[in-house]
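Below is one structure, written out as structure tokens; the observations come after it.
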Amino acid sequence: MKYIGYLFVFVFLVISCTSKPLTSKEIALKCQEHHDTEGRWYDKAVALELESKSIFSDNNAERIHLKIDNKANTFEYHNLFREVHLEFRRDTCIAHNNNSSCEDYEWASRFYPYIWGMHAKFFDPGIQLKEAYEEAVINAVPVYVIHIDYEKENWDFYIDKSSFYLLGFKFVKKDESGGEIVYNEGSKNVNGTIMPIKRTWYDLDMKLLGTDVLK
């Protein structure tokens with residue numbers, strides 16, 4: 001029994017000495033693997049349908065269809081509520097209907113592919129993922145908080161410590177003109193990619209801005 005006790009202590013010490021805290025890059029990679037196990041986001045085409053409500057549209061339920069084809073580098077935006085349809089190829093607007101203009105909706109070609117492909121953006125060319133990270137509790141869930149500073153905004157990403165699900169994110173504009181906090185809920189497999197079913201958007205004072213619900 002004494003020998004078994006010494007063996008237990010030895011094994012415990014070995015495990016304690018060999019286990020190291022994760023780095024921010026390892027956390028980001030595990031998050032990416034959770035949402036896209038094949039790591040093929042940039043080879044995929046996904047079609048998404050979502051219902052978006054926001055204070056900017058008087059909380060009307062806007063039904064939006066998106067087509068993101070990363071391999072062909074094309075993006076389609078169809079807002080049924082506003083009767084708007086646009087198509088982009090390599091950031092260039094190639095088609096739009098009479099209810100829309102390329103200039104008014106150019107933001108959509110950058111915004112939606114980034115938001116829905118966020119799990120794959122941690123290692124894009126030129127991205128500087130900060131080495132330092134924190135641990136916190138968001139909505140009663142323990143998370144890692146990793147950081148990326150872009151040219152005009154600072155971003156924090158909340159990653160579930162257990163599953164590495166992307167629980168949410170926050171961005172703050174460097175000119176101090178504002179920012180937003182977003183929480184994700186649920187999971188849906190879309191062509192091999194795990195997408196959140198619901199996103200809830202707040203301003204930095206936690207005032208509700210809107211919701212996106214994946215259909």
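Here the closest non-hydrogen pair linking Asn70 and Trp41 is ND2-O, 2.8 Å. Across all their heavy atoms, Arg40 and Lys44 have their closest contact at O-CG, 3.0 Å. In plain terms, the two heavy atoms of His147 and Ala132 that are nearest each other are CD2-O, 3.4 Å. The two residues Leu86 and Ser100 make their nearest non-hydrogen contact at CG-OG, 3.8 Å. When all heavy atoms of Cys31 and Phe122 are compared, the closest pair comes out as SG-CE1, 3.9 Å. Val143 and Val137 get closest at one heavy-atom pair: CG2-N, 4.5 Å.
A distance-only check finds a donor-acceptor pair linking the side chain of Tyr133 to the backbone of Leu22 [under 3.5 Å]. Lys67 contributes no side-chain N or O that, together with a main-chain N or O of Glu87, makes up a donor-acceptor pair within less than 3.5 Å. Side-chain N or O atoms of Tyr165 include one that pairs as donor or acceptor with a backbone N or O of Gly186 at under 3.5 Å. Checking side-chain atoms of Asp203 against main-chain N and O of Asp205 turns up a donor-acceptor pair under 3.5 Å. The main-chain N or O of Ser163 is found under 3.5 Å from a side-chain atom of His34 such that the two form a donor-acceptor pair.
Leu209 and Tyr183 are members of different hydrophobic clusters when ILVMFWY side chains are connected at heavy-atom separations under 4.5 Å. Linking ILVMFWY residues whenever their side-chain heavy atoms come closer than 4.5 Å, directly or via other members, leaves Met118 and Ile194 in distinct clusters. By the rule that hydrophobic residues join a cluster once side-chain heavy atoms approach within less than 4.5 Å of another member, Ile159 and Val145 end up as members of separate clusters. The hydrophobic cluster containing Tyr202 also contains Leu204, counting ILVMFWY residues as joined when their side-chain heavy atoms lie under 4.5 angstrom apart, directly or transitively. No path of Ile, Leu, Val, Met, Phe, Trp and Tyr side chains, each step under 4.5 Å between heavy atoms, connects Val141 with Leu166, placing them in separate hydrophobic clusters.
Checked against side-chain hydrogen bond (donor to acceptor under 3.5 Å, both in side chains), Ser101 has the following partners two or more places apart in sequence or in another chain: Asp104.
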*Test Trp116 against Val46 for side chain to side chain contact (heavy atoms under 4.5 Å, CB included), laying out the working first.*
CA-CA 10 Å; Trp116 291 99; Val46 296; over 6 Å; no

*Test side chain to side chain contact (heavy atoms under 4.5 Å, CB included) on Tyr112 and Trp107 and set out the steps.*
CA-CA 9 Å; Tyr112 285 108; Trp107 62 270; 3.8 Å; yes

*Arg82 vs Asn99, side chain to side chain contact (heavy atoms under 4.5 Å, CB included): CA-CA, chis, key distance, verdict*: CA-CA 8 Å; Arg82 297 181 183 276; Asn99 291 328; over 6 Å; no

*Criterion side chain to side chain contact (heavy atoms under 4.5 Å, CB included) on Lys174 and Lys152, from CA distance to verdict*: CA-CA 6 Å; Lys174 291 184 177 181; Lys152 297 182 179 180; 5.7 Å; no

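The closest side-chain heavy-atom distance from Phe157 to Leu129 is not below 4.5 Å. Put simply, the side chain of Thr193 reaches to within 4.5 Å of the side chain of His119, judged on heavy atoms. Looking at Tyr158 and Lys170, their side chains come closer than 4.5 Å, going by heavy atoms from C-beta outward. Proximity of Glu131 to Thr23: side-chain heavy atoms (C-beta onward) are nowhere separated by under 4.5 Å. Inter-residue side-chain proximity for Phe81 and Arg63 is flagged as unmet; no heavy-atom pair is nearer than 4.5 Å. With contacts defined as side-chain heavy-atom distances shorter than 4.5 Å, the pair Phe164/Gln32 does not qualify.
Atom CG of Asp175 sits in a crowded spot, with more than 12 heavy atoms from other residues, nucleotides or ligands closer than 6.0 Å. The environment of Glu176 atom CD is sparse: at most 12 non-hydrogen atoms of other residues, nucleotides or ligands sit within 6.0 angstrom. The number of heavy atoms from other shown groups lying within 6.0 Å of NZ (Lys215) is above 12.
Between Lys30 and Glu26 there is no salt bridge, since no side-chain nitrogen of the basic residue lies less than 4.0 Å from a carboxylate oxygen of the acidic one. Remark: Lys173 does not engage Glu153 in a salt bridge, criterion side-chain N to carboxylate O under 4.0 Å.
The residue from Val213, Asn60, Thr211, Ile64 that alone fulfils the side chain to side chain contact (heavy atoms under 4.5 Å, CB included) condition with Ser52 is Ile64.
Side-chain polar atoms of Asp124 and Tyr42 form a donor-acceptor pair below 3.5 angstrom. With no hydrogens or angles considered, a side-chain donor-acceptor pair links Tyr77 and Asn79 at under 3.5 Å.
How far NZ of Lys130 is from CD1 of Ile146: 12.5 Å, rounded to the nearest 0.5 Å. For the atom pair CG (Asp160) and CD1 (Ile27), the distance works out to 12.0 Å, reported to the nearest 0.5 Å. The line from CG of Leu208 to CD1 of Ile55 is 8.0 Å long, rounded to the nearest 0.5 Å. Rounding to the nearest 0.5 angstrom, the gap separating the CH2 atom in Trp155 from the CD1 atom in Ile148 is 9.5 Å.
Classified by interplanar angle (parallel below 30°, tilted 30° to 60°, perpendicular above 60°), the ring pair Phe88/Phe75 is tilted. Taking the six-membered ring for Trp and thresholds of 30 and 60 degrees, His78 and His85 have ring planes more than 60 degrees apart, a perpendicular arrangement.
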